[in-house]
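As the structure lists them, so they are numbered: ligands from 1, and atoms in each ligand from 1.
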Amino acid sequence: MVHMQGCGVTNAVLLTRATAVDQVKGIQAKYPNRFVWSATADITKPDAVEILTKAVKDGAQGLGEIKFHVEADGPELRRMYALAAELDVPILVHFQEVPHFEGEGVFSTGFKRFERMLKAYPKTKFIGHADAFWANVSADYANEASYPAGPIKRGGITDKLLGDYANLFGDLSANSGNNALSRDPGFTADFLKRNQNKLLFGSDCSCQDGRGGGVSQNNNPAAARLSGKCVARETLTVLKLHTEPAVFRKLTWENGRRVFRT
Ligand SMILES: [Zn+2]
Ligand SMILES: [Zn+2]
């Protein structure tokens, strides 16, 4: 709550493990109508379906974030895509093809093939998030860096899929989202305008006060451009700069409420 007040945010989605149900309920009771819950569990274990089904029965309004060392079109995630459709909740997936530090590994790999999943699971509401989702706004991304810099080559996979598939949404959080909106100012306004019903503001910020205090971008040297800054503040500033008020409201409020059914 200190972070939210510091960066000027009223409501948030809590992305937690399913085991945090009691903590989440405590927070929701203390601050009514401010927090939506989205739950995750280890999807490489057989009981993930059971755990997440229970979490949704207990009040979770989404699955995720889902961040494991599996392929984006592999059996573990396919099971989750089907489950999200069955439970009628969105699923937020972390796509990352390049480790941030030695030994971190990669997550939900193979985003370039992801169109197949959007076709195979038309009833699933996918929320794309993280490095590879955002790096692929540029058509020349070749999994060479976590956060590519410089001009965006138009026609990137992410931009195309957001335009072509009603079941794909994009989470603007973290350095990945901020970087995609900041690296080529000539790209940003049109991108936000054409995808104005498909993008959701999020912060995914680890600063403590909503002003960049504490440890920000820990363990992620590639994201040093935002160290000492609040990701939420930085991204809200970029969004405001490149949108009309009605679009800004969609990105920071209406789309999130629609997708998470609040
Ligand atoms: Zn993530
Ligand atoms: Zn922050």
Side-chain angles (χ1 to χ4, degrees), residues 1-18 20 34-35 37-44 62-72 76-77 80 84 90-101 104-111 114 126-137 146-147 158 168-182 199-240 252 256 259:
M1 189 50 82
V2 171
H3 184 267
M4 288 164 67
Q5 281 165 347
C7 64
V9 166
T10 58
N11 291 43
V13 180
L14 300 170
L15 307 173
T16 80
R17 291 187 176 274
R34 304 286 289 277
F35 292 98
W37 180 32
S38 179
T40 190
D42 186 344
I43 66 164
T44 66
L63 305 185
E65 73 171 278
I66 308 285
K67 182 179 179 182
F68 294 93
H69 304 297
V70 297
E71 289 186 310
E76 303 90 349
L77 270 169
M80 292 303 122
I91 179 166
L92 188 147
V93 181
H94 180 111
F95 297 100
Q96 182 181 334
E97 312 275 1
V98 180
H100 294 158
F101 54 88
E104 185 191 30
V106 290
F107 305 91
S108 317
T109 48
F111 183 71
F114 200 65
F126 294 91
I127 305 174
H129 152 102
D131 310 14
F133 182 79
W134 286 113
N136 276 299
V137 291
S146 300
Y147 312 110
T158 299
L168 178 66
F169 299 85
D171 161 28
L172 294 161
S173 74
N175 181 60
S176 53
N178 185 287
N179 185 56
L181 300 178
S182 306
L199 302 172
L200 287 60
F201 166 73
S203 70
D204 203 357
C205 184
S206 58
C207 92
Q208 285 171 3
D209 54 5
R211 295 168 192 279
V215 180
S216 179
Q217 308 305 325
N218 197 18
N219 256 345
N220 191 356
R225 55 184 287 277
L226 288 185
S227 66
K229 295 181 177 173
C230 173
V231 183
R233 276 180 168 259
E234 296 299 314
T235 297
L236 286 169
T237 302
V238 176
L239 292 177
K240 207 166 246 179
T252 57
V259 173

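- To the nearest 0.5 Å, the span separating CG on Asp171 from CG on Leu200 amounts to 7.0 Å.
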Donor-acceptor pairs under 3.5 angstrom involving side-chain atoms of residues 5-17: please list them, not counting sequence neighbours.
unit_1: Asn11; atom_1: ND2; unit_2: Asn33; atom_2: O; d: 3.0
unit_1: Thr16; atom_1: OG1; unit_2: Trp37; atom_2: NE1; d: 2.8

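- Take the N/O/S atoms of Glu65: the one nearest the Zn ion (ligand 1) is OE1.
- Using bins of under 30°, 30° to 60° and over 60° for the plane-to-plane angle, the ring pair Phe133/Phe95 lands in the parallel bin.
- For the side chain to side chain donor-acceptor pair (under 3.5 Å) with Thr235, the qualifying choice from Asp204, Asn178, Thr252 is Asn178, the only one to do so.
- Applying the side chain to side chain donor-acceptor pair (under 3.5 Å) test to pairs two or more places apart or on separate chains, those with a residue in residues 63-72 are Glu65-His94, Glu65-His129.
- When the N, O or S atoms of His94 are ranked by distance to the Zn ion (ligand 1), ND1 comes first.
- Applying the side-chain hydrogen bond (donor to acceptor under 3.5 Å, both in side chains) test to Asn136 and every residue at least two apart in sequence or in another chain returns Lys112.
- Protein N/O/S atoms found under 2.8 Å from the Zn ion (ligand 2), listed by chain and residue number: His3 NE2, Cys205 SG, Cys207 SG, Cys230 SG.
- Interatomic distance, OG of Ser176 versus CG of Asp131, reported as 5.5 Å (0.5 Å rounding).
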